[in-house]
Amino acid sequence: MTTRPLSYARQSEPIQPPTERQCPFDPPSEFHELRDNRPLSKFRFPDGHVGWMVTSNELARAVLGNPRFSVNPSGSPDLHPDRQAAVLFDAIKHDTDFPGAIRALVERYDREGRLADAFRDPEVVRTLHESSLHKLSFVNTDPPVHTRLRRILTGHFTVRRVGELRPRIEQIVTDRLDVMEKLGPPVDLVETFTQKLPSLLTCALFGVPEDEAGTFERLSEVRFNSDATVDDVLEANEEFRAFARELFERKRAQPTDDLLSELGRTGEMSEEQMVSTAVVLVRAAHATTALSLAFGVVTLLQDRERWDTLRNESVPIGQIVEELLRYTSIVQTAGIRTALEDVEIGGTVIKAFEQVAVYVSAVNRDPLVFAEPDRVDLTRQSATKHLAFGYGVHQCLGQQLARAELQIALTGLARRFPTLDLAVPMDELTWHRSDRPFYGPERVPVTW
Amino acid sequence: MRIEVDEDKCVGGGQCVMAAPEVFDQREEDGVVVLLDKEPHAELHNATREAAILCPAAAIRIIE
């Protein structure tokens, strides 16, 4: 139900991404006008190349659900494409099956100092789409390779399987609440609670001792740190991969009942694919869940009525969490999509090999789907239609686990510390820079 | 109302189970959708429609 045809979109001037937030709780206000008038806009990526930006719920589903868009190469539009290109180039260099002629083509771009352009070259994109680059995981592949790789994992993340993990999650939450209580107020909720949960849970899932949690946290952070150089990222990648390889070695020697041991047993993935998968699983789980929880708590504490609603347990926690996921929308943009052929979206033709950035944070405030979208309504029935977990075949694999973590963590926090509040004025909170792929509060000092 | 599911399209997201657990389940080994009730009762129709809308892979087809 778009308000006007979008055929004019090709003729317009490319816009820069709106990045500055006027209010920390709301995406940049420029998105309102864009979404109302030009939900598909010509867009200038950080490295200067021109593509498209999508800001409405309807068009987001149209793009993310369309098999003619590839995630290869993917990456967040907030991160400079040079960095994503470097990682992809690294993968190609190590893949003995990658067609030599295309590798030579990428190398030529690199020599000319235009590596990022290589990954918009039709020949390279087509080759990537068809290859099952052994170093890549399901995140950077398209169907049918993606389908096969993802299916190896989905059984571990079903509603039922996650339900079986709930007691473990509850235990981890209780332990962290104990730590907070022992430290006494004030504490930084991020350092003592929100950042610890996902890495401790990963330890549980992977069957590794909890003292490895710090390694997972450290290696996950580098990838998303805008101050890190390309070399920092590649180095962290290598260290992470070496660590994952070592974990798989341990599991081969002494298999236990955990995700890594099972991955090793299936024999359906190459060694390098397993390593990539393990790294992706840790990275995807870490910063996202931690931030979602932190931003969720701050949102609830911003208005005492909201906190009381959580405390009273008068609204199902599942519903509260869906609205918080929609409102906080910590993943601001979905991974970049590259058109494999000319595709018509809402009356405009996106040409083959042009790239599209879907601004999820804007999409989750679409007034055509969410009445008064900038208002937090913990009883909102339409909240389930958010795209905080994305859409299409790449929709977050761990979404049920994420939901369980958020539900259990928030419930536990409210029960243990019913008088929880910020220990500093709201306007003293600091928030992530707009050029980071995930957005949320940096520290959350709390008291009770 | 009659329902059809496309197992090949399913990515195991579980949104259908969340929306209508009486109608949908997931396979143990790979999370692919299992249709529990091809022709659900009237009181389950809204939940079923919600499940179809939420499915990220558009794998649920409703024939009204």
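The figures here come from the full heavy-atom set of this structure, side chains too, leaving out hydrogens, waters and symmetry mates. Protein chains get the first letters and strands the later ones, always in sequence-line order, with residue 1 at the start of each.
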For residues 27-37 of chain B, tabulate all N or O donor-acceptor pairs below 3.5 Å that involve a side-chain atom, not counting sequence neighbours.
{"from": "B/R27", "atom 1": "NE", "to": "B/D30", "atom 2": "OD1", "distance (Å)": "3.0"}
{"from": "B/R27", "atom 1": "NH1", "to": "B/E7", "atom 2": "OE1", "distance (Å)": "3.2"}
{"from": "B/R27", "atom 1": "NH2", "to": "B/D30", "atom 2": "OD2", "distance (Å)": "2.9"}
{"from": "B/D30", "atom 1": "OD1", "to": "B/V32", "atom 2": "N", "distance (Å)": "3.3"}
{"from": "B/D37", "atom 1": "OD1", "to": "B/E39", "atom 2": "N", "distance (Å)": "3.1"}

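- For A/R380, the salt bridge (charged side-chain N to carboxylate O under 4.0 Å, His left out) partners two or more places apart in sequence, or in a different chain, are A/E323.
- Highest contact tally toward chain B, considering only A/R150, A/H156, A/R161, A/K385, is held by A/R150 [criterion: heavy-atom pairs under 4.5 Å].
- Within residues 43-64 of chain B, the residues having any heavy atom less than 4.5 Å from a heavy atom of chain A are, in residue-number order, B/E50, B/I53, B/L54, B/C55, B/P56.
- With contacts defined as side-chain heavy-atom distances shorter than 4.5 Å, the pair A/R160/B/V17 does not qualify.
- At least one donor-acceptor pair under 3.5 Å links the side chain of B/Q26 to the backbone N or O of A/V159.
- With a threshold of 4.5 angstrom between heavy atoms, A/R151 approaches chain B through its backbone and through its side chain.
- Of the atoms belonging to B/D25, it is side-chain heavy atoms, and not backbone ones, that fall under 4.5 Å from chain A.
- Residues of residues 392-403 of chain A that come closer than 4.5 Å to chain B, counting heavy atoms only, are A/G392, A/V393, A/Q395, A/Q399, A/Q400, A/R403, ordered by residue number.
- When the shell of 6.0 Å around CZ of A/R265 is examined, it contains more than 12 heavy atoms from other residues, nucleotides or ligands.
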